[in-house]
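Here is the structure we will look at, set down as structure tokens.
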Amino acid sequence: MNRTKIKAVLDSPQQNYQACVKGWVRTFRNNQFIALNDGSTINNLQLVVDFNNTPEETLKRITTGACISATGEVIASLGKGQKYELKVSSLEILGDSDAEKYPLQPKKHSLEFLREIAHLRFRTSTFSAVFRVRNTLANAVHQFFQQRGFVWVHTPIITASDAEGAGQMFRVTTLDLNNLPKNEEGAIDYTQDFFGKSTNLTVSGQLEGELAATALGDIYTFGPTFRAENSNTTRHLAEFWMIEPEMAFYDLNDNMNLAEEMLQYVIKEALENCADDIAFLSERLAEEEKQKPQQERSEMNLLEKLKFCTENHFERITYTQAIDILRESNHNKKKKFTYLIDKWGVDLQSEHERYLVEKHFKKPVILTDYPKEIKAFYMRQNEDEKTVRAMDVLFPGIGEIIGGSQREERYSKLLQRMEEMHIPAHEMSWYLDTRRFGSCPHAGFGLGFERLVLFVTGMTNIRDVIPFARTPKNCEF
RNA sequence: UCCCUGAUAGCUCAGCUGGUUAGAGCACAUGACUGUUAAUCAUGGGGUCCUUGGUUCAAGUCCAAGUCGGGGAGCCA
């Protein structure tokens with residue numbers, strides 16, 4: 001008999017038919033009730049075993065974690081708590097699980113403990129839900145861009161350019177680290193390395209994305225990105241996935257519209273396609289928040305928060321307006337900020353971003369037109385000569401989820417800015433060629449995929465939304 | 001990297017101003033029960049108290065260094 005997925009059994013209006021299911025035992029109650037999960041849905045199928053006519057040896061092998069195959073009739077459940085159950089007529093143990101050694105128990109485990117057994121945490125309700133949502137979001141990102149005629153471009157993972165200035169990079173080499181070749185000056189001789197030069201893992205596909213956008217029009221990248229920063233936070237990974245759209249003929253306004261539309265689209269897709277998972281995660285988060293003092297609990301639950309985001313426009317304000325709001329806030333006047341806002345030009349700390357998003361506007365906020373001193377060289381300079389056409393999308397609980405800008409398309413302005421910021425222009429002639437030949441206004445942004453998954457799943461540590469997290473001092477599995 | 005904080009049974013945790021044989025719930029094993037929902041009841045086994053060094057008659061408990069975890073900050077997506 002062909003195997004039926006548990007999701008299909010539970011979703012079907014049919015009953016009183018024969019079916020074969022396969023999956024992993026979550027718990028075995030009362031010597032007759034198996035809660036079986038096969039990953040197709042967060043919901044378990046209850047199997048009812050006739051223990052009087054089942055060998056003692058078989059019953060003993062039905063343990064938490066064991067993999068089994070069961071055939072029988074799907075009937076309306078006699079007990080409460082589930083619609084259907086499978087009355088088992090034949091049962092086979094496909095893989096035993098030594099109950100004494102299997103680390104997962106039918107009880108709540110801490111996320112910290114599960115992180116240490118990341119190879120098994122897929123088998124928990126929480127993590128299977130998280131990774132189904134992650135999949136749906138990834139798929140929705142592609143759908144969104146493909147529907148609009150964007151071209152998915154595969155930018156390189158190994159790069160030779162170290163001029164992007166976006167933080168520490170991981171070195172890529174085949175040189176023998178115990179016996180490094182030296183040149184006449186005593187420095188490492190990279191001409192003997194695999195690529196004949198010093199190479200690193202990419203920190204961003206943006207610059208290559210711009211090359212493609214100034215020919216294909218609208219493009220996006222979606223791939224792994226690497227930062228060797230010694231960041232120990234709930235929002236940073238050394239290896240993460242980034243989505244970077246880049247659009248010819250877009251200005252900052254178009255850029256903001258696209259960012260907002262995209263976020264709302266993918267959240268909606270998750271709400272529609274992962275309703276059970278998100279309902280479970282919403283409940284999980286509410287339970288977790290019960291431990292917190294009243295003041296720190298969020299006003300909306302996860303489900304409400306997600307719906308709110310899809311139904312309301314994001315607030316759009318300039319850096320200058322944000323500074324005014326912050327400076328005039330009671331929070332600032334009562335000196336509750338660790339870093340008080342006194343003058344224009346300072347970079348915003350996360351406490352300020354959180355205040356704007358979580359206290360003042362209580363919704364996602366897009367901040368634009370930052371002082372040029374605190375932003376990257378490639379952002380388009382405004383007429384005021386002080387600010388650049390940058391945008392940061394800030395989300396409650398997450399902070400910056402998107403960073404982007406309209407790009408500086410004017411060759412001389414770009415070159416001047418690179419000189420001021422000590423970016424070696426001679427190493428980036430390939431990038432400057434886009435401005436030298438048929439330059440055009442364009443814009444783009446970078447979306448941290450895991451931060452999006454964090455927001456939609458309501459998880460609070462980024463290490464829990466990627467299967468195998470890479471962080472400083474941690475590269476297990 | 002900086003600040004705060006933690007590490008005791010497979011898991012979650014208690015263990016007071018240092019003191020004799022380190023506890024609980026869950027898990028596991030055995031038995032009972034059999035329409036359960038993290039099933040229930042009884043009994044039982046289970047410990048490198050993170051590591052190293054120090055103080056002391058005596059250290060799970062105090063001190064120092066280290067390792068790893070958690071929260072916050074910086075960097076950013």
Side-chain angles (χ1 to χ4, degrees), chain A residues 26-35 43-52 59-60 63-65 75 77-82 85 87 97-117 120 124-125 164-168 203-206 221 224-244 259 292 296 337-339 347-354 374-376 392-395 398-404 445-455 460-466 471-474 476:
Chain A
R26 283 291 174 78
T27 174
F28 184 34
R29 286 185 296 265
N30 216 0
N31 218 15
Q32 56 180 324
F33 301 106
I34 302 171
N43 300 305
N44 301 329
L45 179 65
Q46 170 153 296
L47 311 185
V48 186
V49 180
D50 178 5
F51 60 91
N52 287 317
L59 291 173
K60 280 198 172 168
T63 55
T64 301
I75 57 169
S77 179
L78 303 178
K80 285 174 190 164
Q82 58 278 318
E85 60 192 21
K87 204 173 156 188
S97 174
D98 184 339
E100 206 172 352
K101 294 185 182 139
Y102 187 59
L104 293 174
Q105 302 159 14
K107 66 169 240 177
K108 267 209 167 67
H109 287 290
S110 67
L111 296 174
E112 291 82 8
F113 171 65
L114 293 171
R115 222 169 278 153
E116 286 169 17
I117 50 164
L120 294 173
T124 64
S125 298
E164 291 164 34
Q168 292 293 308
V203 293
S204 161
Q206 181 200 315
T221 74
T225 311
F226 308 87
R227 303 262 168 101
E229 297 286 351
N230 191 9
S231 297
N232 293 287
T233 77
T234 52
R235 308 179 301 283
H236 290 86
L237 291 165
E239 176 183 290
F240 63 102
W241 289 68
M242 189 150 67
I243 296 140
E244 296 179 289
K292 290 192 196 166
E296 287 172 36
F337 287 129
T338 309
Y339 295 90
D347 205 353
L348 297 179
Q349 307 289 318
S350 39
E351 58 175 344
H352 304 132
E353 296 179 348
R354 293 185 80 116
I374 58 174
K375 287 290 177 186
D392 282 2
V393 181
L394 309 177
F395 262 36
I398 314 289
E400 186 180 344
I401 197 166
I402 281 180
F445 59 83
L447 166 71
F449 184 58
E450 282 75 16
R451 291 190 180 174
L452 173 66
V453 182
L454 263 187
F455 181 73
T460 48
N461 192 317
I462 202 160
R463 298 166 192 207
D464 295 333
V465 298
I466 189 166
T471 53
K473 302 276 184 290
N474 175 15
E476 286 300 306

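Order of the sequence lines sets the chain letters (A, B, ...), proteins ahead of strands, with each chain counted from 1.
The same atom, P, is picked in B:C2 and in B:A65; the two are 13 Å apart, to the nearest Å. Comparing B:U1 with B:U48, their C1' atoms are spaced 33 Å from each other, to the whole Å. The gap from the P atom of B:A59 to that of B:G54 amounts to 12 Å, rounded to the nearest Å. Spacing of C1' atoms, B:G66 relative to B:A7, comes out at 14 Å, to the nearest Å. Distance check on atom C1': B:C28 versus B:A73 gives 43 Å, rounded to whole Å. Here the separation of B:A14 from B:G6, taken at their P atoms, is 11 Å to the nearest Å. To the nearest whole angstrom, the two P atoms, one in B:G19 and one in B:G23, are 14 Å apart. Spacing between B:A27 and B:C63 at atom C1', rounded to whole Å, works out to 37 Å.
Here A:Phe113 lies in heavy-atom contact (under 4.0 Å) with sugar-phosphate atoms only. A:Arg354 comes within 4.0 angstrom of no nucleic acid atom, judged by non-hydrogen atoms across all strands. Looking at heavy-atom distances under 4.0 Å, A:Ile243 makes no contact with the nucleic acid at all. Across all strands, A:Glu112 comes closer than 4.0 Å only to sugar-phosphate atoms, never to a base (heavy-atom distances).
Between the CZ atom of A:Arg115 and the C1' atom of B:G6 there is a distance of 15 Å, given to the nearest Å. For A:Tyr339 and B:G72, the OH to C1' distance is 11 Å, given to the nearest whole Å.
Minimum atom distance to the side chain of A:Gln105 is reached by B:C11, of the listed B:G35, B:C11, B:G71.
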Could you list the donor-acceptor pairs under 3.5 angstrom formed between side-chain atoms of residues 99-113 of chain A and any protein atom two or more places apart in sequence or on another chain?
unit_1   : atom_1 : unit_2   : atom_2 : d
A:His109 : NE2    : A:Gln105 : N      : 3.0
A:Ser110 : OG     : A:Phe113 : N      : 3.1

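Stacking here means ring centres nearer than 5.5 Å and ring planes tilted less than 30 degrees, and by that measure A:Phe240 stacks onto B:A77.
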Q. So what does the secondary structure string of RNA chain B come out as, 5' to 3', with Watson-Crick or wobble pairs under 3.5 angstrom, [ ] for crossing and | for pairs with another strand?
A. (((((((..((((.....[...)))).(((((.......))))).....(((((..]....))))))))))))....
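OP1 or OP2 of B:G74 lies within a sub-4.0 Å distance of a side-chain N or O belonging to A:Ser350.
For A:Arg463, there are no salt bridge (charged side-chain N to carboxylate O under 4.0 Å, His left out) partners two or more places apart in sequence or in a different chain.
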